[in-house]
Amino acid sequence: MEFRAMLQKYENAKQQGSLLYLDSDDFVDLAEYYMEDGQLIRMLEVAEDGLSMHPDDEYLISLKVNALISLHKFDMAEKLLDTLDPEKEHDVYYFRAQLACAVYGDDKKATELFRQWIEKEYKDCRTMKNKDEALSRCKDAVFHIIVSFSDLSINLDVQSSIDYWTKEYVRMFSPLRGDDTDLEVAKVCHDSELFDREIEVYSQCLESNPYMRQGWTYLASLQHMYGFTEDSLNSAENAIAVDPNDINACLVLAHANYDLHNYEAARKYFIRYIEETHDESFLMILGKSCMFLGKKEEGYEYLKSARRYCTKHYTDKEDLANNRAFISDAFYVGGYLKDAHTMIKLALRYFPTDPQFNQQEGKILLAMDNISSAWNSYQRAVDYAKKAKTEVVPLMMSAGCQLLDKGYLRAAEVIFENALKEIDEPEHRYGHVYLAYIYFAKRKTELFVENLRQACRYTPKMVNALWKDSLIGVAEENYYEYMLKLYKKVCKNDDN
């Protein structure tokens, strides 16, 4: 009997309160159909109907156990498992592993039982003549274990087990070929926030199958999202090589080049993406790319259009404020300080106590040589950050560096000194190197020596960054002595 016709007959009989006689294999087909369709109660009913006619069919018993576990009827499942011989029905190990985890919270026991089940499955696979089918069955077996833990993760902390078995899957079946099971494992990795593993799975799949549809683009998006910017650039270039019309890969190329400060390439890809999709939400970053390139008039026009777009399309206050702050910074990069100030004030209108927005206003006001107002903005940023219990030191360090760049040594000195009071870990005390720089300039010998000593001890790379021209060829362990000699030499020249 054709399956669809059999399914219809079975369901009609159930509606009429009668039971259709079928072979055990037919009941198995029906139960598996309902299982794949997610109809677990129906699956259980079919298994029970089948067992009413074929009470000794171990596979039907196994399907009933599966349904009971999925429906969290663990006691009934455990009793039914006791009627099965694990040597004849290998799935007993699989179900007992599920119960060990779900009922008793014993991940170690579950892993041991899953391993026993895998060994039985592998033994069967080795007898199969078709090697591709054998490999597929083995992969499915490990994937079922991964899915078991993934399903349990809704109510239990089984993250370490998902991590372990996805890692085992990659180890056992490398190089992955990009088949459906591989991609399903990648999906579980994504849902379980195992993003490095997901990237590894996709990378292997694409090595084996470089023409996998949308594969390179998805991998590039993943890599970019999780900070592997250069890798994402390479993957997006591969995507374009496979399909020159892949506009989503074009967008990844635009973002990756922007992050890597390749602003000309970023500009090119953003323009192409906007022209082909008419998505003007990227006008902001296109405008900022132009500003970095010195294409100020072009960038200014894009930013004006971006401002109109945001006003028209964004209604959420947070989105509006963040976009206006971004446009403000783009104007700042291009030197359009009045426009920058106007935009950051619009952001502050929505969130006047936002530390970052106040910090940004301080930076703009400082560039406009309004030191007193800039100082007030910096102070508000620090105060609001402390009240919100957010990171305050990065704000202070940034403000201090901005003041130092503009030559306001005393103001920078105060901020760096205050920043150091907020830091407990010596290796994070970056303020010492800037204070050493200030005290070098002011010829305050004792304060210079003390801050230099701390900077050379805890942040020598920052010392090199600040005095790199003077420290060419000097070994890191000699920075302190060398800078002391340099300081004494400069002081001596001052006296002369």
Side-chain angles (χ1 to χ4, degrees), residues 221 224-225 247-248 250-370 373-374 376-378 380-381 384-385 395 398-399 402 406:
S221 299
H224 184 259
M225 192 182 304
I247 198 62
N248 292 316
C250 178
L251 182 60
V252 177
L253 280 170
H255 280 296
N257 276 295
Y258 179 87
D259 292 344
L260 293 169
H261 310 301
N262 301 327
Y263 297 116
E264 190 62 66
R267 172 181 169 273
K268 178 182 77 171
Y269 286 116
F270 277 125
I271 288 174
R272 178 184 165 187
Y273 183 83
I274 293 167
E275 287 179 348
E276 291 191 27
T277 64
H278 307 291
D279 183 350
E280 295 184 348
S281 64
F282 296 100
L283 285 169
M284 292 183 292
I285 194 168
L286 170 57
K288 195 170 185 179
S289 299
C290 291
M291 292 300 188
F292 278 122
L293 289 167
K295 300 177 184 290
K296 295 185 179 182
E297 291 182 5
E298 181 184 347
Y300 191 87
E301 292 304 313
Y302 285 135
L303 293 173
K304 281 203 306 182
S305 298
R307 179 179 177 178
R308 288 194 295 270
Y309 177 87
C310 291
T311 302
K312 184 177 178 181
H313 290 87
Y314 291 103
T315 56
D316 181 77
K317 288 200 306 182
E318 188 171 352
D319 288 339
L320 273 168
N322 286 331
N323 287 328
R324 284 169 173 171
F326 185 93
I327 294 171
S328 167
D329 198 53
F331 278 131
Y332 174 85
V333 170
Y336 295 98
L337 299 181
K338 287 185 178 180
D339 295 280
H341 195 213
T342 297
M343 293 305 294
I344 198 61
K345 283 196 295 184
L346 288 173
L348 282 163
R349 185 182 298 173
Y350 289 112
F351 297 100
T353 63
D354 184 279
Q356 296 292 343
F357 293 167
N358 279 280
Q359 170 86 359
Q360 189 168 329
E361 185 184 37
K363 178 176 73 172
I364 295 165
L365 290 167
L366 185 63
M368 298 170 78
D369 291 322
N370 191 342
S373 295
N376 291 336
S377 292
Y378 288 140
R380 283 195 300 272
Y384 292 142
L395 287 171
S398 177
Q402 289 160 17
K406 291 287 287 183

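In what follows, residues are counted from 1 in the order of the sequence shown. Side chains are part of it too, since the values below use all heavy atoms of this structure and drop only hydrogens, waters and symmetry mates.
How far OG of Ser289 is from CD1 of Ile271: 9.0 Å, rounded to the nearest 0.5 Å. Rounding to the nearest 0.5 Å gives a distance of 11.5 Å between CE of Met291 and OH of Tyr302. Interatomic distance, Leu303 CG to Glu298 CD, rounded to the nearest 0.5 Å: 10.5 Å. Once rounded to the nearest 0.5 Å, the distance linking OH of Tyr350 with CD of Glu318 reads 12.5 Å.
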Anything under 3.5 Å between a donor and an acceptor, one on a side chain of residues 274-284, the other on a protein residue two or more places apart or in another chain? List them.
unit_1 : atom_1 : unit_2 : atom_2 : d
Glu276 : OE2    : Arg272 : NE     : 2.9
Thr277 : OG1    : Tyr273 : O      : 2.7
Thr277 : OG1    : Asp279 : N      : 3.2
Asp279 : OD1    : Ser281 : N      : 3.0
Asp279 : OD1    : Ser281 : OG     : 2.6

Just list the side-chain donor-acceptor pairs under 3.5 Å for residues 326-342, sequence neighbours left out, or say none.
unit_1 : atom_1 : unit_2 : atom_2 : d
Ser328 : OG     : Ala340 : O      : 2.7
Ser328 : OG     : Gln360 : NE2    : 3.1
Asp329 : OD1    : Lys363 : NZ     : 2.8
Asp329 : OD2    : Lys288 : NZ     : 2.7
Asp339 : OD1    : Tyr300 : OH     : 3.1
His341 : NE2    : Glu361 : OE2    : 3.0
Thr342 : OG1    : Lys338 : O      : 2.9

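Taking the side chain as every heavy atom from C-beta outward, Phe357 and Ile344 approach each other to under 4.5 Å. With contacts defined as side-chain heavy-atom distances shorter than 4.5 Å, the pair Tyr269/Asn262 does not qualify. Between His224 and Asp259 the shortest side-chain heavy-atom distance falls below 4.5 Å.
Of the possible polar contacts, none joining the Gln359 side chain to the Ala381 backbone as a donor-acceptor pair under 3.5 Å is found. Using modelled atom types, one side-chain atom of Asn358 and one backbone atom of Pro352 make a donor-acceptor pair closer than 3.5 Å.
Remark: the Ser305 side chain and the Glu301 side chain contain no N/O donor-acceptor pair separated by less than 3.5 Å.
Scanning for salt bridge (charged side-chain N to carboxylate O under 4.0 Å, His left out) contacts around Arg324 gives an empty result, with sequence neighbours left out. Listed by chain and residue number, Lys406 satisfy the salt bridge (charged side-chain N to carboxylate O under 4.0 Å, His left out) test with Asp369 (two or more places apart in sequence, or in another chain). Under the ring pair (Phe, Tyr, Trp, His ring centres under 6.0 Å) criterion, Phe270 pairs with His255, not counting sequence neighbours. Considering only residues two or more places apart in sequence or on other chains, Arg307 meets the salt bridge (charged side-chain N to carboxylate O under 4.0 Å, His left out) condition with none of them.
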